[in-house]
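What follows is a short report on a single structure.
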Amino acid sequence: MESIERTITFSILDPEELSEDEKELLFAAYEARQKAQAPYSKYMVGAAIRVWNGNEIFTGCNVERASYTQTTHAEQAAIDAAVGKYGPKTKLKKIAIVSAPEGVEIPISFVEDLEWTIQFAHPFDPINQPIVPCGHCMQIIWENCQGDDLIELLAIHQSGSVTKTTIGHAFPWKFGPEDIKK
Ligand SMILES: [Zn+2]
């Protein structure tokens with residue numbers, strides 16, 4: 001029997017390693033999380049995306065309903081808003097996710113002066129598992145990556161760790177539009 005191994009890589013970043021655009025995107029996701037409607041799971045998610053089609057940021061948060069199955073996920077809401085503007089050729093450039101249970105204050109603050117800075121309330125604990133989208137959202141994200149598995153996922157863990165990986169690493173075994181072609 002032959003087995004094949006794949007390596008999944010993510011980076012834990014020093015805030016100084018983030019570009020201005022990345023800080024702005026993370027801040028947008030951080031703000032979107034504050035809007036989450038999550039009375040059932042009490043798990044609040046915010047997502048923010050940039051697309052190649054335009055310069056604006058699209059955001060989304062999770063929105064739960066009493067019937068449960070009609071919950072909208074944050075990543076989905078942000079991507080659907082972009083598709084609503086740019087149509088099916090919408091291609092993601094980067095996505096930022098901030099998630100944590102209700103009541104957990106993400107221990108960072110953003111300051112917009114001449115440039116964005118991120119301040120940490122306290123030193124963060126090392127983590128071995130970054131925040132990643134759920135399987136449902138991996139599929140949704142991949143659908144608008146237009147086959148580019150280098151699209152980056154940024155996230156802030158509730159510890160304050162900022163992580164970066166790619167959709168190719170986060171979602172190594174993808175099912176996508178190419179799989180339903182004859
Ligand atoms: Zn999801």
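- Using a 4.5 Å cut-off between side-chain heavy atoms of Ile, Leu, Val, Met, Phe, Trp and Tyr, with links allowed through other members, Y86 and L92 fall into the same hydrophobic cluster.
- Of the candidates L25, T90, I95, I49 forms a side-chain contact (heavy atoms from CB on, under 4.5 Å) with just one, namely I95.
- Exactly one of R50, K93, K85 qualifies for a salt bridge (charged side-chain N to carboxylate O under 4.0 Å, His left out) with E56. That residue is K85.
- Sequence neighbours left out, the pairs with a member in residues 29-52 that pass ring-ring contact (aromatic ring centres under 6.0 Å, His included) are Y30-F110, Y40-Y68.
- Of the inter-residue distances, the one linking M138 atom CE with K174 atom NZ reads 10.0 Å to the nearest 0.5 angstrom.
- Counting all heavy atoms, side chain and backbone alike, C61 lies closest to A32 at CB-O, 3.3 Å.
- A side-chain donor-acceptor contact under 3.5 Å links T165 to the backbone of T9.
- Residues M44 and V132 are members of separate hydrophobic clusters, defined by side-chain heavy-atom contacts under 4.5 angstrom among Ile, Leu, Val, Met, Phe, Trp and Tyr.
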Q) Should T72 and R65 be marked as a side chain to side chain contact (heavy atoms under 4.5 Å, CB included) after you check the CA-CA gap, both sets of side-chain angles, and the distance that decides it? A) CA-CA 9 Å; T72 305; R65 282 89 186 187; 2.9 Å; yes
Less than 3.5 Å apart, which donor and acceptor atoms pair up between the side chains of residues 75-83 and the rest of the protein, not counting sequence neighbours?
residue	atom	partner	partner atom	Å
Q76	OE1	H136	NE2	3.2

Q.
The test is salt bridge (charged side-chain N to carboxylate O under 4.0 Å, His left out); show your working for K164 and E17 and say whether it passes.
A. CA-CA 11 Å; K164 186 191 275 191; E17 297 177 78; over 6 Å; no
Q.
Go through it in stages, so that I can follow the logic: the residues are K94 and L154, the test is side chain to side chain contact (heavy atoms under 4.5 Å, CB included), and I'd like the CA-CA distance, side-chain angles, deciding distance and then a yes or no.
A. CA-CA 8 Å; K94 199 166 286 199; L154 276 172; 4.1 Å; yes
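- Closest heavy-atom contact between A29 and A96: CB-O, 3.6 Å.
- With I156 as the partner, the side-chain contact (heavy atoms from CB on, under 4.5 Å) test is satisfied by one option alone out of I131, T163, V162: V162.
- The structure places CD1 of I97 at 5.5 Å from CD1 of I141, a figure rounded to the nearest 0.5 Å.
- In this structure S41 satisfies the side chain to side chain donor-acceptor pair (under 3.5 Å) test together with E64, sequence neighbours excluded.
- To the nearest 0.5 Å, atom CD of residue E152 and atom OG1 of residue T166 are 8.0 Å apart.
- To the nearest 0.5 Å, atoms CZ (R33) and CG (N62) are separated by 9.5 Å.
- Under the salt bridge (charged side-chain N to carboxylate O under 4.0 Å, His left out) criterion, the residue pairs touching residues 133-149 are K91-D148, with sequence neighbours excluded.
- Contact check on K181 versus E178 returns no salt bridge, with no Lys/Arg side-chain nitrogen under 4.0 Å from an Asp/Glu carboxylate oxygen.
- By the 4.5 Å side-chain criterion applied to Ile, Leu, Val, Met, Phe, Trp and Tyr, L150 is assigned to no cluster and stands alone.
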(Q) Would W142 and I151 count as a side chain to side chain contact (heavy atoms under 4.5 Å, CB included) here? Give the steps. (A) CA-CA 9 Å; W142 179 238; I151 303 302; over 6 Å; no
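- Within the hydrophobic cluster formed by Ile, Leu, Val, Met, Phe, Trp and Tyr side chains joined at under 4.5 Å, directly or through other members, I4 stands alone, with no partner residue.
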Q.
Using side chain to side chain contact (heavy atoms under 4.5 Å, CB included), reason through F10 and I8 one step at a time and then give a plain yes or no.
A. CA-CA 7 Å; F10 71 95; I8 294 176; 5.7 Å; no
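- Applying the 6.0 Å contact sphere to CG of D179 captures more than 12 heavy atoms from other residues, nucleotides or ligands.
- Atoms OG and CD1, on S161 and I106 in that order, are 10.5 Å from each other to the nearest 0.5 Å.
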